Amino acid sequence: MGAIPAVGFASFLFPLGHILGLILLGIALWRGRAVPAWAALPIALSQVLHFVFAVIVPNHALDGLSWA
């Protein structure tokens, strides 16, 4: 299935949207003053930490904490 171009593209696009989407959501919540800054900031930072601890420095315990 990895040789099918549509599957390869979707496999790249989903994680990109997953990470960038929640970063943008956190920024939008903060700028729109929909929630306090202390609540919007962890939403955006959790995805950065998730990417770091899942891809760059694989550590399951720290990845789990990034979601908490």
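What you see is a predicted model, and the numbers here were worked out from it, not measured in a lab.
Qualifying side chain to side chain contact (heavy atoms under 4.5 Å, CB included) partners for Leu16, counting only residues two or more places apart in sequence or in other chains: Phe12, Leu20. Every residue was checked against the side chain to side chain contact (heavy atoms under 4.5 Å, CB included) condition with Pro58, not counting sequence neighbours, and none meets it. Trp67 pairs by the side chain to side chain donor-acceptor pair (under 3.5 Å) definition with His50, not counting sequence neighbours.
Alongside Phe9, the hydrophobic cluster contains Leu13 (criterion: ILVMFWY side chains under 4.5 Å).
Rounding to the nearest 0.5 Å places CG of Asp63 at 10.0 Å from OG of Ser46.
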Only distances under 3.5 Å count here; give the side-chain donor-acceptor pairs of residues 22-43 to other protein atoms, sequence neighbours excluded, each with its distance to 0.1 Å.
none

